[in-house]
S.K.: 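Here it is, the structure in full.
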Number of protein chains: 2
Amino acid sequence: MRVDARRNREHLLTTARAVIAEQGPEASLNEIARRAGVGPGTLYRHFPTRQVLLAAVFRDRVETLCARAADLLAHTSPDEALALWSRDVLAHALTDRGMSASMTLGGAELGFDCHAAMRSAATGLLLRAQREGRTRPDVDIEDLFQLVTGVALAASELPGGLDRAERLLSVTLAGLRR
Amino acid sequence: MRVDARRNREHLLTTARAVIAEQGPEASLNEIARRAGVGPGTLYRHFPTRQVLLAAVFRDRVETLCARAADLLAHTSPDEALALWSRDVLAHALTDRGMSASMTLGGAELGFDCHAAMRSAATGLLLRAQREGRTRPDVDIEDLFQLVTGVALAASELPGGLDRAERLLSVTLAGLRR
DNA sequence: ACCTGAACACCGTTCAAGT
DNA sequence: ACCTGAACACCGTTCAAGT
């Protein structure tokens with residue numbers, strides 16, 4: 001990869017992060033390119049679809065959440081780990097617009113598969129909670145995932161912010177216990 | 001209102017229903033006008049914003065759900081009424097793309113306030129369940145609403161369809177009990 | 001090998017001109 | 001009083017031409 005190409009890629013990523021923080025995940029790709037000082041073709045060369053760009057933008061955060069899951073798996077009780085991790089996901093989703101949408105972005109063509117990463121991180125927590133804890137055995141990882149991102153989406157679009165989010169999460173976590 | 005205006009309005013609504021069923025609530029307004037055989041200006045005259053159009057399109061279904069809530073309130077036990085009504089909302093949301101998005105459409109300028117209608121219909125069910133049933137007293141009507149539409153949104157975007165939707169709903173309803 | 005930016009087909013939205 | 005449809009500013013996307 002040529003040095004100017006690599007620099008363009010980095011700069012596009014930085015700009016995309018800023019614009020998406022401002023305008024959300026539907027932000028104009030042309031504007032991202034414009035603000036980064038490159039032609040739209042250059043953006044498309046590096047990120048052939050919007051989803052590829054979003055996956056790249058949120059990669060760091062997703063990896064942070066995955067590391068957190070591994071940590072909780074090693075150091076916390078099953079029920080508590082699930083609760084704390086869900087709360088973390090929620091906090092990230094409330095902070096970064098588009099984060100919750102990105103968490104469901106999957107597929108090998110993305111360069112980085114957010115969905116697969118999140119899924120495998122959460123699977124460990126769920127299986128252990130079902131084995132040792134008091135978690136309903138019939139829910140699968142997609143269910144857990146949908147419930148948490150659903151709460152995140154709801155909370156990010158409604159007034160009441162974190163308070164409401166915590167309440168919705170507590171309802172969901174209570175529902176997961178048997 | 002002139003007869004041709006009224007006829008245009010009806011025809012636009014019928015066309016919009018069809019196009020939205022095909023393409024979802026983000027369907028092109030120009031295409032709706034085109035298919036209805038009128039200029040885009042005519043669509044805008046009758047429905048000044050997309051939300052006004054969506055509220056008009058889904059008015060019938062929302063009113064059906066409200067009537068159902070009143071019926072359940074009169075003839076069913078608190079817990080069961082809440083469960084049956086949620087299941088109904090879910091079924092409507094899975095059938096009609098854009099229905100769940102429309103349920104959150106509020107404001108007096110819409111001609112018909114879907115959100116207010118749904119909220120007042122569901123409030124009766126929730127209050128009674130909290131008074132007589134075993135429902136958590138700290139959740140409010142917005143919480144209930146968000147949980148149900150969240151499940152609906154999740155289920156409509158994920159494979160697994162109705163089965164998964166039912167499971168997610170049962171988790172949520174379990175979480176609502178104290 | 002990579003970038004550029006004009007070009008294309010679309011979109012939402014407006015508004016002067018018509019009937 | 002209502003409709004028309006050309007027009008505008010934007011969007012995503014592509015691709016010949018450049019370096």
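Computed from a predicted model, the values in this text were never measured in an experiment. The sequence lines fix the lettering, A, B, ..., with proteins before strands; numbering per chain opens at 1.
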S.K.: Examine C:dC2: is either OP1 or OP2 under 4.0 Å from a nitrogen or oxygen in the side chain of A:H46? Give yes or no.
M.R.: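 For C:dC2, neither OP1 nor OP2 has a side-chain N or O of A:H46 closer than 4.0 Å.
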S.K.: Can you check the B:E26 CD to D:dG12 C1' distance for me, whole Å?
M.R.: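 One finds 15 Å between C1' of D:dG12 and CD of B:E26, rounded.
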S.K.: Counting any heavy atom closer than 4.0 Å, what does B:A33 reach on the DNA or RNA strands: base, sugar-phosphate only, or nothing?
M.R.: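 No contact.
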S.K.: Starting at CG of A:L29 and ending at P of D:dT14, how long is that distance when rounded to a whole Å?
M.R.: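 Between P of D:dT14 and CG of A:L29: 12 Å.
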S.K.: What do the steps show when you test B:F112 against B:V62 for side chain to side chain contact (heavy atoms under 4.5 Å, CB included), and what is the final call?
M.R.: CA-CA 10 Å; B:F112 177 69; B:V62 168; 3.9 Å; yes
S.K.: Does the side chain of A:R61 pick up a donor-acceptor pair with the side chain of A:T95 at under 3.5 Å?
M.R.: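 Judged by distance alone, the side chains do not pair up.
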S.K.: Which residue, B:G41 or B:R2, contacts DNA chain D at a nucleotide closer to its 5' end, judged by nearest heavy atom?
M.R.: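 Nearest nucleotide further toward 5': that of B:R2.
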S.K.: Taking atom C1' of C:dA1 as reference, at what distance in whole Å does atom CZ of A:R6 sit?
M.R.: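 Rounded to the whole Å, the gap is 15 Å.
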S.K.: So, taking the atom named CE in A:M103 and the one named CZ in A:R119, what distance separates them when rounded to the nearest 0.5 Å?
M.R.: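 Between A:M103 CE and A:R119 CZ, I get 13.5 Å after rounding to 0.5 Å.
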S.K.: If two hydrophobic side chains count as joined below 4.5 Å and joins carry through other members, does B:V148 share a cluster with B:L94?
M.R.: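 Unlinked, B:V148 and B:L94 end up in two clusters.
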S.K.: With pairs defined as Watson-Crick or G-U wobble and both distances under 3.5 angstrom, please note down DNA chain C as a dot-bracket string, | for pairing with another strand.
M.R.: ||.|||||...|||||.||
S.K.: Determine the sole option in B:R35, B:E31, B:E10 for which the side chain to side chain contact (heavy atoms under 4.5 Å, CB included) test with B:T15 is passed.
M.R.: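 Among the candidates, only B:R35 passes.
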S.K.: Report the distance from atom CZ of B:R50 to atom P of C:dT14, rounded to the nearest whole Å.
M.R.: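 Going from B:R50 (CZ) to C:dT14 (P), I get 14 Å.
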S.K.: Can you find a side chain N or O atom of B:S28 that sits less than 4.0 Å from OP1 or OP2 on C:dG12?
M.R.: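 Yes, B:S28 has a side-chain N/O under 4.0 Å of OP1/OP2 on C:dG12.
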S.K.: Just the rounded figure in Å: distance from P of C:dT14 to CZ of B:R45.
M.R.: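 Interatomic distance, CZ of B:R45 to P of C:dT14: 13 Å.
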S.K.: To the nearest Å, how far apart are B:Y44 OH and D:dA7 P?
M.R.: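 The distance from OH of B:Y44 to P of D:dA7 comes to 18 Å, rounded to the nearest Å.
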S.K.: In whole angstrom, what separates B:R34's CZ from D:dC3's P?
M.R.: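 My rounded result for the distance is 19 Å.
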S.K.: Go nucleotide by nucleotide along DNA chain D from the 5' end; which of B:N30 and B:M1 gets its closest nucleotide reached first?
M.R.: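 The 5'-side residue here is B:M1.
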S.K.: Hey, which of these two, B:P40 or A:V38, hits DNA chain C nearer its 5' end, going by closest nucleotide?
M.R.: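 Looking at the nearest nucleotide for each, A:V38 comes out on the 5' side.
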S.K.: Return the value, rounded to whole Å, for the distance between atom CG of A:L43 and atom P of D:dT14.
M.R.: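 These atoms are roughly 12 Å apart.
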S.K.: Quick one: is C:dC3 close enough that its OP1 or OP2 comes under 4.0 Å of any side-chain N or O from A:N8?
M.R.: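 Yes, within the criterion.
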S.K.: Could you check A:T172, A:L176, A:L173 and say which one makes a side chain to side chain contact (heavy atoms under 4.5 Å, CB included) with A:S86?
M.R.: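 The single option meeting the side chain to side chain contact (heavy atoms under 4.5 Å, CB included) with A:S86 is A:L173.
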S.K.: Test B:L90 against B:L168 for side chain to side chain contact (heavy atoms under 4.5 Å, CB included), laying out the working first.
M.R.: CA-CA 11 Å; B:L90 201 61; B:L168 293 176; over 6 Å; no
